[in-house]
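The analysis underlying the following values was restricted to heavy atoms, covering all of them including side chains, and did not include hydrogens, waters or symmetry mates. Bear in mind the structure is a predicted one, so any value in this text is a computation, not a measurement. Counting begins at 1 with the first residue of the sequence.
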Amino acid sequence: MMVSMDGIVTEYRTDVCIVGGGPAGMMLGLLLARQGLDVTVLEKHPDFIRDFRGDTVHPSTLDVLDQLGLAGDTERVPHRDVAELHTTFADGTYRVADFSRLRTAHPYIRFMPQADFLNVLAQAAQQLPSFRLLRSHEAVDLLTDGEAVRGVRARGPDGAVQVSAKLTVAADGRNSALRRCAGLRPREYGAPMDVLWFRLGRAAGSEKGLDMHFGPGRVVLAIDRGDYWQIAYVIPKGGDERVRAAGIEALRKSVAELIPELAGNVAELAGFDDVSTLTVRLDRLRRWSKPGILFIGDAAHAMSPIGGVGINLAIQDAVCAARVLAAGRAAQGWPTHRTLAAVHRRRWFPTVGTQQLQRIAQRFLVLPMLAGTEPVKAPRLLRFLGAFPRLQVLPARIIGVGLRPERLAGGRAGRCARRRGDP
């Protein structure tokens, strides 16, 4: 680290500068620091707490934590392990996914606050001498040398900051500032819904788990967080103003009608100050890299909340990037264009495949229900899965493991990547 003579600009030199302290950024920072690389992570907030952050840790992510020796750390954080996913319609409740049928060390989805999950990763990384986490540091521009990116300019608590790096990784989310600075625009695929996000009290002894309730014009997801339910109230795209104009009492009534067990809790919603809005997007970059910079996680591909797979995809991006970057370090001029492009090649199939499944679900399941005015009955596919329980492992695998799970170097996925000719 160097501090300029005028005391205004703080300068850092590092091997890898990662912008964004979410799941992708923190996991990649930890993995690269374990390889001995000097890593600096910039997180624009002072902590990891956000109004809306998914809190599912999937079986494939838990497998990675096992490899890192961190599974026990997440066990000590308050959490819920859920082995089944249910959906409720006018004609009954159906089990959609049975994670207990997965052949994995962790046949369940672990629900825990994402801030706690990120703190586990941060604490492990900060024990390594080559890792640096700069909180309250917001990246505002790229450092460039011709067409190559050489780091970032940022704003910190004490003024301007400059981080020079051999590689810059943009993991700064779906509204990526670095993506705009690099002149990259994602291809938009659209989404028919937005999400209202709020919490309601949960009585001790009430049913735990995860349940989706489908009704005319709305879908409500109830996530068990121990002493309260986190509610995701799905509305038609752009419908936020209409819901707010109808008033808080109409929202309370709607939730109570769809989930009668919560009728006694809806009064806890004092007003719309208790409600946050998530604008749902589904997009991806056509290319994930330029000379000196790599995009991963939501910065490369914003996922729909369907299946709650965004965190899992981000973690898998990070694991893949760490493995590919390690394998390419012997190359002259590391990281080479070929090395960075290899991450995109490897992650293209699971990203596109998962988004395609989400688009199908949006078109044939979510959109008709949000546009409807009559009670909603379960689609034939769900009734079919209910009649043949063994098939419920298929959606469990797509949601919990993914289309192409990644492992740390030395695992089966790593060997597959090398056979395909990636660095």
Side-chain angles (χ1 to χ4, degrees), residues 1 12-43 48 57-77 105-106 114 116-135 151 163-172 293-297 311-331 334-336 339-340 342-343 346-347 405-418 422-423:
M1 179 183 74
Y12 296 91
R13 297 187 186 278
T14 188
D15 291 325
V16 182
C17 175
I18 300 172
V19 177
M26 290 307 305
M27 177 60 77
L28 182 59
L30 170 60
L31 295 178
L32 294 181
R34 282 167 57 94
Q35 295 174 15
L37 287 167
D38 190 84
V39 179
T40 299
V41 176
L42 304 184
E43 167 53 48
F48 296 127
V57 183
H58 292 230
S60 56
T61 298
L62 291 169
D63 287 344
V64 171
L65 294 176
D66 276 344
Q67 290 184 276
L68 293 171
L70 297 178
D73 295 57
T74 63
E75 287 282 354
R76 290 187 284 273
V77 173
H106 303 279
Q114 190 177 127
D116 291 339
F117 172 67
L118 294 175
N119 279 325
V120 168
L121 298 181
Q123 289 167 9
Q126 288 173 313
Q127 295 176 15
L128 303 172
S130 62
F131 180 88
R132 180 189 299 113
L133 173 60
L134 300 179
R135 299 178 188 267
V163 183
S164 300
K166 298 176 183 177
L167 172 64
T168 300
V169 178
D172 52 341
I293 187 168
L294 173 69
F295 296 82
I296 62 172
I311 297 173
N312 198 40
L313 267 289
I315 292 291
Q316 299 301 307
D317 286 354
V319 173
C320 172
R323 191 181 62 246
V324 171
L325 290 170
R329 282 176 64 187
W334 180 92
T336 66
T339 298
L340 298 183
V343 178
R346 171 77 186 174
R347 297 302 300 159
E406 304 285 349
R407 293 170 176 80
L408 303 185
R412 179 173 59 84
R415 292 193 294 272
C416 290
R418 287 191 287 273
D422 289 348

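- Considering only residues two or more places apart in sequence or on other chains, Asp172 meets the side chain to side chain donor-acceptor pair (under 3.5 Å) condition with Ser176.
- The OG1 atom of Thr168 sits 9.5 Å away from the CZ atom of Phe295 when rounded to the nearest 0.5 Å.
- Considering every non-hydrogen atom in both Trp334 and Arg329, the closest pair reads CD1-CA, 3.2 Å.
- Note: Asn312 CG to Ser60 OG = 3.5 Å, rounded to the nearest 0.5 Å.
- For Asp15, the salt bridge (Lys or Arg N to Asp or Glu O under 4.0 Å) partners are Lys166, not counting sequence neighbours.
- Phe131 is listed as a side-chain neighbour of Val41, based on a closest heavy-atom distance under 4.5 Å.
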N/O donor-acceptor pairs under 3.5 Å from side chains in residues 25-38, not counting sequence neighbours:
{"residue": "Gln35", "atom": "NE2", "partner": "Ala322", "partner atom": "O", "Å": "3.0"}
{"residue": "Asp38", "atom": "OD2", "partner": "Thr14", "partner atom": "OG1", "Å": "2.7"}

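- Here CD of Glu406 is found 4.5 Å from CZ of Arg323. Values are rounded to the nearest 0.5 Å.
- Legend: residues meeting side-chain contact (heavy atoms from CB on, under 4.5 Å) with Ala105, ordered by chain and number and at least two apart, are Asp63, Asp66.
- The structure places OG1 of Thr339 at 10.0 Å from CG of Leu167, a figure rounded to the nearest 0.5 Å.
- Rounding to the nearest 0.5 Å gives a distance of 9.5 Å between CZ of Arg132 and SG of Cys17.
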Going by atom type alone, with no hydrogens or angles, which donor-acceptor pairs under 3.5 Å involve a side-chain atom of residues 119-129 and a protein atom two or more places apart or on another chain?
{"residue": "Asn119", "atom": "ND2", "partner": "Ala115", "partner atom": "O", "Å": "3.1"}

- Yes or no on side chain to side chain contact (heavy atoms under 4.5 Å, CB included) for Val343 and Asp317, after CA distance, side-chain angles and deciding distance? CA-CA 8 Å; Val343 178; Asp317 286 354; 5.9 Å; no
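- Separation of atoms CG (Leu134) and CD (Glu43) is listed at 10.5 Å; rounding is to 0.5 Å.
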